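Small disclaimer: the values here were computed from a predicted structure and weren't measured. Numbering of residues begins at 1 and proceeds along the displayed sequence.
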Amino acid sequence: MGKSQKKERISRTEAALQSGIEMLRRKPPFGSMYYNYRIVCWDKNRIGKNTPAVATSSGEIRLNKDYDLDPKQWVYVIAHCMLHMVFGHFDEENMPGFIADKDGSVVRKPHFDAKTWNHACDIFIASFLNGLKYGEPLANREVKEYVPSVTDEKKIYEYLIENPKLNEISMFGTGAEDGLDMIGLDKPLKYEKGRANSYPKFFAEALADSVSDAIDDVSSTCSRRRRRVSSEVQKAAMWFQDHYPLLGGLASCFKIIEDGSLCRSMDISMAAISVEDMEIYINPANSLSSGEWRFILAHEYLHAGLEHDKRSAGRDSYLWNIACDYVVNGWLVEMNIGDMPDEGLLYDEELKGLSAESVYDILLENIKKYMDVRTFAGKGRGDIVTGRRNGKGGVYDPETGSFYNPAHGVSLDDFCRQALEQGLEWQQKSGRGFIPAGLIEEIRALSVPPIPWDVELARWFEEHFAPIQTHRSYTRPSRRQGATPDIPRPRVVPMEVMEKDRTFGVVVDTSGSMSPFQIGTALGAIASYSQAHEVPFARVIFCDAAAYDAGYISPEDIAGRVRVKGRGGTVLQPGVDKLEKAADFPADGPILIITDGEIESHLSVHREHAYLIPYGSRLPFRPRGKVFRFRNLKPDKVGR
């Protein structure tokens, strides 16, 4: 076979596989469960050339993209693998080789045969799919030709044990002829008390949905509950476009997806938003009024418009989500938008008027209380979804660090910000409703570009190192006065300042988690501002597992000739203590701490100090000093 023919064959098999996947996604009941599994496509070298597909105990289904099957056969194969989890074939308590002891523990029998159990499960699933008339089976024979009764996997297992020759038959599975299609039988699944296999529940819900859809097709009418919920959500979204300019632009931009199976796969109990995909996910299982959906949609729109997904700045993402929820819900109550739902609402009058950053600091002080509260997404989960779900949202631009939407001609961040700014302008001109002052301030603040970290650091230097004053001096006349040395002439010279009075301490985290580019970026900025403010020396201490005192170093040495000694774990407190107790370090000398946040949970600094950390990192405690966040230099841009 030539290279071109081989390429054509592989292309054809991949196309058939993708057609089968799309066919299954549109075909109930297994299409509704698609997102509950992790479907991966492997080539024949990874999965085996004679293996169409296998299922794993983790819920992953591996498909051979090089295997030659028709789309309908792929529908059957994928459904077969799904049912292994649905019927609990990996669950220890369901296997024939295990029995429950008197105290409730599970004990393994000595003669359990994994291969026989796999074949028994395959036969049971084949019979089930045959009765369902789902897809096109790989085997062209009936199950009952080999096994008289297929009502229970354990009975099939016992029959195959008694008839060893039949146990060699594997035509009803999706693995190779001499292999199995279940991976993980050597480590059966055990569930803690109060927990259970969730796939039977997913399948029951999918069956219920398919029955409902079938009734809808016959009667051409929707279920009252589902139709009401769907129409109420859409009605709420249209209200913002028609009557509420502040959020109308955002409402027209985001796509609302009402999909119960998708929400179950994403673990969303009520609602959530993905700014990157420009989608809002609604779980239609909730029967809410139009006013309640209006409140929820406004909540999600404000998450997008105020860039809450980008403003965490290294904070814990879930706790930051909760802080934003408290602030947004407080504003919505003030604006009297819609009706507050009974569930998932985080509202506290004592937090009224505070920013999300301030609320976050308050929550951090009682973190155990708030790490398990219920949001609109559910208990212990945030309603701000990060990461792209379907790849159809904006395009990520690594240079700007944002998502770009070609349809709008701007980044998604800019689009959401502009939509909210324009909405505020129209809302105020038309006088349609009250807007809290805090919300107006945040919208206005977003329209002003943030102060770059290096400018903030420069201001920090200005606060601690004022320009050296000049004065008139009659000493050491210049050479120009050589002709008339008896006539004294004044000149302007800098005032004499003790070098020890213009110095600061630098504690540098040199652990393995800090890259050379991060350290270089931070030290380079420190060196340039030290020179600009005429700071002759800085006291530098490097910290990893131990503290290394480098003594006083000039700014140019900080920038280029400092050698980082340690690459171990990070403990900064000894370095801070050594600097504060040093006899040759001034009592009022400020300290600048450079770290990525992977340090001890508490750091005690008794004098003026600030932190310089990479953007996206966070400190494990509430800092008392200022925090400057710098963006990392890429390796190809260092030194430019």
Side-chain angles (χ1 to χ4, degrees), residues 29-30 32-33 36-39 53-62 76-132 134 137 143-144 146-164 166-175 179-208 264-265:
F30 297 97
S32 302
M33 299 175 59
N36 295 109
Y37 295 84
R38 183 169 180 262
I39 311 294
V54 294
T56 70
S57 58
S58 63
E60 183 177 83
I61 297 177
R62 302 169 184 171
Y76 178 92
V77 166
I78 299 172
H80 180 104
C81 292
M82 286 181 171
L83 286 174
H84 277 310
M85 292 297 295
V86 170
F87 293 145
H89 292 162
F90 290 100
D91 298 351
E92 186 178 69
E93 59 184 12
N94 293 334
M95 292 184 179
F98 297 86
I99 58 174
D101 205 353
K102 293 181 179 180
D103 59 355
S105 60
V106 179
V107 181
R108 185 167 187 162
K109 286 184 177 179
H111 301 297
F112 172 70
D113 190 316
K115 182 178 179 180
T116 304
W117 174 246
N118 196 156
H119 290 170
C121 295
D122 288 339
I123 292 173
F124 181 82
I125 291 175
S127 176
F128 180 85
L129 289 177
N130 181 58
L132 201 60
Y134 199 87
V143 171
K144 291 184 179 181
Y146 300 91
V147 182
S149 175
V150 291
T151 58
D152 182 82
E153 297 97 319
K154 292 182 180 179
K155 291 182 179 180
I156 300 174
Y157 173 84
E158 294 171 358
Y159 184 81
L160 294 179
I161 291 293
E162 296 172 359
N163 298 271
L166 293 178
N167 193 29
E168 300 300 322
I169 299 173
S170 58
M171 68 175 66
F172 298 109
T174 64
L180 307 179
D181 65 358
M182 295 174 64
I183 297 178
L185 288 176
D186 56 329
K187 295 181 179 180
L189 297 178
K190 301 178 182 179
Y191 299 97
E192 299 177 358
K193 187 176 181 180
R195 295 179 177 270
N197 185 347
S198 57
Y199 286 92
K201 177 184 176 182
F202 295 151
F203 187 60
E205 293 172 345
L207 282 175
R264 287 191 295 271
S265 68

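Residues Asn94 and Asn197 have side chains not in contact (no heavy-atom distance under 4.5 Å, counting atoms from C-beta outward). Residues Val54 and Glu60 have side chains not in contact (no heavy-atom distance under 4.5 Å, counting atoms from C-beta outward). A 4.5 Å side-chain heavy-atom check between Asp113 and Leu160 finds every atom pair outside the cut-off. You'll find the side chain of Asn130 stays beyond 4.5 Å of the side chain of Val143, heavy atoms only. Between Leu185 and Lys115, every side-chain heavy-atom pair lies at or beyond the 4.5 Å cut-off. Ile183 places a side-chain heavy atom less than 4.5 Å from the side chain of Arg62. Contact annotation: the side chain of Thr56 never approaches that of Arg38 to less than 4.5 Å [non-hydrogen atoms, C-beta and beyond].
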Practice task
Show your working on side-chain contact (heavy atoms from CB on, under 4.5 Å) between His80 and Asp122 and close with a plain yes or no.
Solution key: CA-CA 8 Å; His80 180 104; Asp122 288 339; 3.0 Å; yes
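A donor-acceptor distance shorter than 3.5 angstrom exists from the side chain of Tyr199 to the backbone of Asn36, with no hydrogens or angles considered.
A distance of 10.5 Å separates CD of Glu92 from OH of Tyr191, quoted to the nearest 0.5 Å. Rounded to the nearest 0.5 angstrom, Trp117 CH2 and Lys154 NZ are separated by 6.5 Å. The line from OG1 of Thr116 to CG of Leu180 is 9.5 Å long, rounded to the nearest 0.5 Å. Taken to the nearest 0.5 Å, the CD1 atom of Ile61 stands 4.0 Å off from the CD1 atom of Ile39. The structure places CD1 of Ile125 at 7.5 Å from CD of Glu153, a figure rounded to the nearest 0.5 Å.
Across every non-hydrogen atom of Ala53 and Cys81, the tightest pair is CB-SG, 3.9 Å. Nearest heavy atoms, Pro29 versus Tyr134: CD-CE1, 4.0 Å. Smallest separation of non-hydrogen atoms from Met182 and Asn118: N-OD1, 3.2 Å. Smallest separation of non-hydrogen atoms from Pro200 and Met85: CD-O, 4.4 Å. Smallest separation of non-hydrogen atoms from Gly175 and Asp181: N-CB, 3.4 Å.
With sequence neighbours excluded, the residues satisfying side chain to side chain contact (heavy atoms under 4.5 Å, CB included) with Lys155 are Thr151, Asp152. Scored by the salt bridge (charged side-chain N to carboxylate O under 4.0 Å, His left out) test, Lys187 finds no partners at all (sequence neighbours excluded). Every residue was checked against the salt bridge (charged side-chain N to carboxylate O under 4.0 Å, His left out) condition with Glu158, not counting sequence neighbours, and none meets it. Scanning for ring pair (Phe, Tyr, Trp, His ring centres under 6.0 Å) contacts around Phe203 gives Phe30, with sequence neighbours left out. Among residues two or more places apart in sequence or in another chain, the ring pair (Phe, Tyr, Trp, His ring centres under 6.0 Å) test is passed with Phe87 by His89, Phe124, Phe128. Every side chain to side chain contact (heavy atoms under 4.5 Å, CB included) that Ser198 has, sequence neighbours left out, goes to Phe202.
Relative ring orientation between His84 and Phe90 is described as perpendicular, the plane-to-plane angle rising above 60° on a 0-90° scale split at 30° and 60°.
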